[in-house]
Amino acid sequence: MKQKRPFWKRLGLDLRKNYILYIMILPAVIYYILFAYVPMAGIQLAFKEYSIKRGIWGSPWVGWEHFERFFSAYNFTSLLTNTLVLAVYSIILNLLTPIVFAIMLNYVRSVRWKKTLQMVTYLPYFISTVVLVGMLNLFLGENGAVNGILGLFGAEPVGFLTSPGLFKHVYAWSGAWQSLGFNSIIYIAALSGVDYQVHEAAIMDGASKWRRIWHIDLVEIRSTIMVLLVMSLGGILGVAFEKVLLMQNQLNFSASDVISTYVYRVGILQQDYGYSTAVGLFNSVISLILVLISNVLAKKLAGYSLW
Amino acid sequence: MRKGIRETKQDRVFNGVNLVFMLFIFIVFAWPIWFVIVASFSDPNAVTSGRVWLWPVSFHTGGYVMTLENTEIWRGYLNSILYTLLGTAVNMVLTIITAYPLSRMDFMPRKILTVAFVITMYFGGGMVPMFLQVKDLGLTNTIWAMIVPGAISIYNVLLLRSFFLYGVPKSLEEAAMLDGASLLQMLLKIYLPLVKPTLAVLVLYYAVGHWNDYFSALLYINDRGLYPLQYILREILISSKIDQSVNGLDAASIMKKLKDAGTMKYAIIIISTLPLMIVYPFIQKYFVKGIMLGAVKG
């Protein structure tokens, strides 16, 4: 059956037979060339001194100069630390809170109450980042509702939005608030797939709900947890840049300046294209390495692979 | 979980803990949203002095009036509607016509193109080269800057492709083939009708993405007339740039304006989120389905 014809002949036949498919895929090919591969070629800017007159391809090479400048920049350590702290904090929160919520929800008896809880927790997912940060400003400001509640207990107003020390908490917990419902769906589904007979057997043996959570539920969703954990590792340097940028102000700046906001500021606002491309490249290379490592881990630990 | 079995003391403790936990969750999620609604209908002074908690205090709609009188918000609203409709339409057409060839086993460049597209998911040029490319193409300050750079999501293409691959019975396809259907007819008459729920999910994701997008405007748009709603919202909610011009107003109007600015932020949150909140009950089931689709795919 499989007699190999020469490549060009096969291509010619395929073009004739499937010409409509070639026409269909053409826009995507153009799209990826223009908006993925040309910008990828633009990475050469990281090793060049950009001049508007000569364009990306004609600008002179400068080697590793931009990288050296970044590594020796006064804020290099704080950029890296802020990025890591925000990302690791939110990865942990976004992993743990949905698990706790899904498990507890699984033991809620009233179907109506369960549905209500699911509905209100999905809702914030649809709120835009701008509105979310706007709500943070309204609720957590000096005269905001949260400080009003704290005031009832006689506490001094807390500068949630202005304190560098509190920035990571506000950032991570508001993120957890927004995505709890979304992230818990997968666990809720996994838990509802647990055979109830296992639970019944455990009840007969006198197991309490705490023990059932520990020995049945957590065991059942273990592989789901592993996969999601390992996959989220790839995003360690991928802080939610838009949100950080919106939450940033002069008072919390020392804790809220991350690599990507730095790239935006230096690259887009100050138009230092070569240097900012280098900083961005540093970020994407580390991210890529982390994705590769986490994929290897996922394969080993959970038998799951991205590819 | 079931009746008939007597609960132990430990389990009763658990139930208590669970009830308290869920009440806490309910309050933490429902109250902020409820508060925004209530505050938007309250007297601004009552809101700032912390007298509003669960119900509107001295019902007042000045914030809404002020929002609706703001022409920039209106224009932003219309722009966002346009970007969402046009953007989602472009997304859907491109996603479908890309996923279909990639799902055809006999399409020769299938593998190499899939790999070439998927690579872009994990590695890209980054913000600055992308910005320069959009500029070089002359898209800056046009509505296309809001639509074209994000025209295809490879993740969604892969999702749809796997539904074309595994969700359409091969027997149906063979029958259509025998009847002399072309590849295009097959897509329109067999494939698309069978994956309608998946298409609904994709529309939802793309549309929410466009509606909530402010960053494209931040990067590529300088013309105030082209700003989407989210960009205007950012100015009002976060930079607190509210039109405070008081030219030609008497003292009473100035006082009223300053006062209403207090609840305008709440009103504008409601107005901007309204379209999503209205469709939310109808799309909720698709939303849940969408996440499960992603899980099945993975």
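Sequence lines set the chain letters: A, B, ... in the order given, protein chains first and strands last, and positions in each chain run from 1.
Within a 6.0 Å radius of CD1 in B:Ile112, other residues, nucleotides and ligands contribute 12 heavy atoms or fewer.
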Exercise. Show the numbers, then the answer: is there a side chain to side chain contact (heavy atoms under 4.5 Å, CB included) between A:Ser128 and B:Trp211?
Key: CA-CA 8 Å; A:Ser128 74; B:Trp211 185 260; over 6 Å; no
Self-check item: Full working for side chain to side chain contact (heavy atoms under 4.5 Å, CB included) between B:Val208 and A:Tyr125
Solution: CA-CA 10 Å; B:Val208 171; A:Tyr125 188 76; 5.8 Å; no
Quiz item: Given the rule in the side chain to side chain contact (heavy atoms under 4.5 Å, CB included) test, do B:Thr273 and A:Phe126 qualify, once you have shown the distances and angles that lead to the verdict?
Solution: CA-CA 8 Å; B:Thr273 318; A:Phe126 290 97; 5.9 Å; no
Exercise. Evaluate the side chain to side chain contact (heavy atoms under 4.5 Å, CB included) criterion for residues A:Lys17 and B:Phe107: first the C-alpha distance (whole Å), next the side-chain angles of each, then the deciding distance (0.1 Å), finally the verdict.
Key: CA-CA 9 Å; A:Lys17 187 171 64 131; B:Phe107 180 52; over 6 Å; no
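For B:Phe26 and A:Trp113, the ring centers sit closer than 6.0 Å to each other.
For a residue to count as touching a neighbouring chain, one of its non-hydrogen atoms must lie under 4.5 Å from one of that chain's; by this rule B:Asp106 touches chain A with backbone and side chain alike. In this structure, the portion of A:Thr116 lying under 4.5 Å from any heavy atom of chain B is its side chain and not its backbone. For a residue to count as touching a neighbouring chain, one of its non-hydrogen atoms must lie under 4.5 Å from one of that chain's; by this rule B:Ile96 does not touch chain A. With a threshold of 4.5 angstrom between heavy atoms, A:Val131 approaches chain B through its backbone and through its side chain. Contact of A:Leu269 with chain B is not made at all, since no heavy-atom distance falls under 4.5 Å. Contacts of A:Leu281 with chain B are made by side-chain atoms alone, with heavy-atom separations under 4.5 Å and no backbone atom involved. When heavy atoms are compared at a cutoff of 4.5 Å, B:Ala39 does not approach chain A at all. With a threshold of 4.5 angstrom between heavy atoms, A:Leu180 approaches chain B through side-chain atoms but not through N, CA, C or O. Of the atoms belonging to A:Tyr37, it is side-chain heavy atoms, and not backbone ones, that fall under 4.5 Å from chain B.
Ring-plane geometry between B:Trp31 and A:Phe139 is classed as perpendicular, the angle between the planes exceeding 60 degrees on a 0 to 90 degree scale with a lower cut at 30.
Looking at B:Gln133, its side chain does come within 3.5 Å of a backbone N or O of A:Leu34 through a donor-acceptor pair. Side chain of A:Trp177 to main chain of B:Val28: a donor-acceptor pair is present (N/O by atom type, distance under 3.5 Å, no hydrogens or angles).
For the residue pair A:Phe101 and B:Phe21, the shortest heavy atom distance occurs at CA-CE2, 4.3 Å. Shortest non-hydrogen contact noted between A:Ala28 and B:Thr98 is CB-OG1, 3.4 Å.
Here A:Met104 is the residue among A:Met104, A:Met40, A:Met119 with the most heavy-atom pairs under 4.5 Å with chain B.
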